[in-house]
Amino acid sequence: MAVNLSMGNNSQNNKRIARNTLMLYIRMVLTLGVGLYTSRVILRVLGIEDYGIYNIVGGVIVLFSFLNSALTQATQRFLTYELGRNDRQRFRQVFSISILVYLGLSIIIIGIGETAGLWFLNTKLNIDGDKIVEANWVYQFSIIAFFFNMMYTPYNAAIIAYEKMSFYAYTSIIEVLLKLFIVYLLILIEYDKLTVYAILVSLVSFVILCIYVTYCTYRFKECRFTFYWNKNMFLKLVSFSGWSMFGSLSVMAANQGVNLLLNIFFGVVVNAAMGITNQISNAINQLVLNIQVAFNPQITKSYAKGDREYWETLVFRSAKSSYLLLLLISFPFLIETDMILHIWLENVPPYTVSFCRLAVISLLIDALSGPLWILIQANGRIKKYQLIVGSVILLNLVLSYMMFYLGYNPNTALIIRCVICGVLLIIRLVLFVDMLNFPSVEFCKQVMLRVMLVTLLAAPFPLIISQYINGVTGLVITSITAFISIILFSYLIGMNANEKFFLKKYIYSKIK
């Protein structure tokens with residue numbers, strides 16, 4: 001009886017995951033389209049120099065976001081874990097304490113930003129003297145936007161824990177539409193476009209914060225903030241955040257630190273190329289995030305309930321789905337990067353094409369690692385994991401500096417990133433055998449081997465077509481061929497029998 005009940009619950013959870021994935025996929029398509037359009041127009045309206053300044057100045061305050069990222073991971077984990085145990089009282093307590101911690105952390109980050117950050121901006125960055133005043137205005141409003149974004153994070157964590165993906169999707173769509181409106185205003189404004197852009201972005205962040213607070217306050221009684229203090233719970237949250245902080249700091253150093261190195265060694269034009277690359281990779285990566293956001297709460301909840309068979313199935317399925325759907329979207333882009341960028345942008349900065357290709361390759365490798373990170377979060381024993389993985393990630397910054405110092409070109413930083421992503425995937429699988437008794441060998445067979453075969457078998461057809469048919473016609477035919485090849489081999493080789501059965505059942509239910 002208990003087994004049948006568990007199977008029934010898991011079946012409902014699978015349907016919820018499929019429904020949430022579909023909703024988030026629709027969100028991704030809309031945000032991707034609007035995001036790529038707005039990036040194109042903003043680059044044209046601001047110009048390469050101002051666009052590069054916005055990215056590098058905003059990157060200074062983003063350096064401090066490793067604090068926020070660490071606490072976000074802790075909040076998400078503990079809220080979802082308590083829901084998995086069906087302990088609403090503990091959920092309310094964790095939520096209230098997290099609000100207090102976020103407020104305190106905001107004050108700390110603003111203090112660091114207005115001292116060390118300002119000093120770094122005005123003395124170390126490679127920015128022309130006639131642009132330094134505008135750069136300082138951009139910096140101040142970046143701090144304001146950062147504060148708003150940080151304060152809505154506990155509410156966002158609650159939304160994901162409750163798996164209310166429709167609200168999450170609708171709010172994201174509202175956000176990109178507001179940013180589209182910003183683009184329209186920038187076209188109309190004739191002066192100080194860079195400063196005005198920074199002001200409007202901070203206003204959008206404030207609007208999104210208000211929407212999240214209002215929804216969560218009225219929808220979930222556990223999210224109505226009441227002052228609550230528990231030293232043990234606070235220390236547990238901070239301890240988890242502390243080790244997450246090291247990992248988050250490593251990621252920030254690898255991303256924003258390398259961006260700063262590019263500025264110091266090569267100037268703001270290369271920063272513009274990296275800014276465009278980040279826009280594209282972030283937009284494409286939304287697909288992976290959407291899939292994993294749909295799976296993550298169920299991975300944590302099933303782990304909290306001790307349902308090992310189900311969470312293993314979810315980790316395998318999430319990793320495979322993330323890679324294959326990302327491949328479906330990104331492979332045509334990898335083949336036709338140069339043409340797509342020249343259609344999209346009127347002026348493509350140097351190194352943008354190679355940056356984009358290398359960034360997408362690193363995303364494909366990381367797509368396989370995402371569910372593994374959620375699993376170790378659910379387990380809670382993250383000290384050893386973060387020390388090893390975070391140290392390897394930091395090599396990206398160290399090795400990039402060495403290569404730039406020796407005279408290598410900017411592409412080297414992204415090549416190093418791809419290699420490190422592959423090394424990290426292997427390290428995670430080795431670590432998990434000892435830490436979780438994870439079936440890493442089976443993961444390699446059922447996930448990594450299958451997706452590698454799909455990639456190798458699906459690649460030749462569109463690659464051959466791209467060599468013989470050029471122009472927009474070639475782009476369209478190559479993309480269609482890539483879609484068909486990847487979908488066909490994903491079904492034939494990428495999916496196992498159970499996954500094929502579930503897919504057929506889900507499609508038939510929607511047709512009826």
Side-chain angles (χ1 to χ4, degrees), residues 2-3 6-7 9-11 13-14 16-18 21 73 77 80-81 84-85 243 247 288 291-327 363-390 392 420-456 489-503:
V3 174
S6 176
M7 291 178 62
N9 289 336
N10 288 345
S11 178
N13 291 334
N14 289 336
R16 185 184 302 113
I17 290 171
T21 302
Q73 293 167 9
R77 186 265 178 187
T80 306
Y81 194 89
R85 295 172 60 234
W243 291 113
V288 176
I291 296 169
Q292 293 178 354
V293 163
F295 276 91
N296 292 349
Q298 285 299 322
I299 293 175
T300 303
K301 290 174 183 177
S302 59
Y303 188 92
K305 291 185 289 188
D307 191 348
R308 182 182 183 90
E309 182 179 356
Y310 188 53
W311 65 249
E312 281 186 3
T313 299
L314 290 178
V315 170
F316 280 47
R317 191 172 294 168
S318 176
K320 190 190 302 180
S321 301
S322 298
Y323 180 94
L324 292 177
L325 285 174
L326 180 59
L327 182 68
L363 289 177
L364 284 166
I365 300 171
D366 270 347
L368 296 171
S369 296
L372 301 177
W373 165 231
I374 297 302
L375 182 58
I376 197 65
Q377 275 191 314
N379 173 266
R381 295 161 50 205
I382 63 171
K383 177 181 177 180
K384 179 180 178 181
Y385 173 88
Q386 290 288 17
L387 282 173
I388 296 175
V389 172
V392 175
I420 287 178
C421 287
V423 172
L424 283 174
L425 177 58
I426 297 171
I427 289 174
R428 289 182 176 106
L429 292 173
V430 173
L431 280 176
F432 281 23
V433 173
D434 176 57
M435 297 176 67
L436 299 168
N437 194 26
F438 185 76
S440 294
V441 174
E442 193 66 18
F443 182 89
C444 292
K445 293 178 181 177
Q446 295 299 323
V447 178
M448 294 178 61
L449 180 59
R450 285 177 181 269
V451 300
M452 288 174 62
L453 287 174
V454 171
T455 304
L456 292 174
F489 287 109
S490 293
Y491 181 80
L492 294 177
I493 299 173
M495 302 176 72
N496 60 34
N498 289 334
E499 290 164 346
K500 291 176 183 177
F501 175 77
F502 176 78
L503 178 63

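Predicted, not measured: the structure shown is a model, and the values here were computed from it.
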Interatomic distance, CG@L368 vs CZ@R428, rounded to 0.5 Å, equals 10.5 Å
What is the distance from atom CG of L453 to atom CZ of F489, rounded to the nearest 0.5 Å? 10.5 Å
What pair of heavy atoms forms the shortest contact from R450 to I493, and how long is it? NH1-O, 2.6 Å
In Å, rounded to the nearest 0.5 Å, how long is the span from CE of M435 to CG of N437? 12.5 Å
For L314 and S302, work out which heavy atoms get closest and say how close. CD1-OG, 4.2 Å
Determine whether W373 and V389 make a side-chain contact, defined as any pair of heavy atoms from C-beta on separated by less than 4.5 Å. no
Nearest heavy-atom contact between G494 and L324 is CA-CD1, 4.4 Å
Shortest non-hydrogen pair, C444 vs L429, comes out as SG-CD1, 3.9 Å
Residues two or more places apart in sequence or in another chain: which of them pass side chain to side chain contact (heavy atoms under 4.5 Å, CB included) with I365? I361, C421
Below 4.5 Å, heavy atoms only, C-beta onward: do T80 and I299 meet side chain to side chain? no
For F316, which of Y323, Y310, F443 qualifies under ring pair (Phe, Tyr, Trp, His ring centres under 6.0 Å)? F443
Let me confirm one number: the CG-OH distance from L436 to Y385, rounded to the nearest 0.5 Å. 10.5 Å
Side chains of L424 and S369: closer than 4.5 Å at any heavy-atom pair? no
Could you tell me the separation between the OG1 atom of T313 and the CG atom of N496, rounded to the nearest 0.5 Å? 9.0 Å
Over all atoms of both residues, closest heavy-atom pair of K320 and M495: NZ-CA, 4.4 Å
Going through the distances and angles, do F438 and L431 end up as a side chain to side chain contact (heavy atoms under 4.5 Å, CB included)? CA-CA 9 Å; F438 185 76; L431 280 176; over 6 Å; no
So how far is it from S322 OG to D366 CG, rounded to the nearest 0.5 Å? 11.0 Å
Intermediate values then yes/no, side chain to side chain contact (heavy atoms under 4.5 Å, CB included), L364 and V451: CA-CA 10 Å; L364 284 166; V451 300; over 6 Å; no
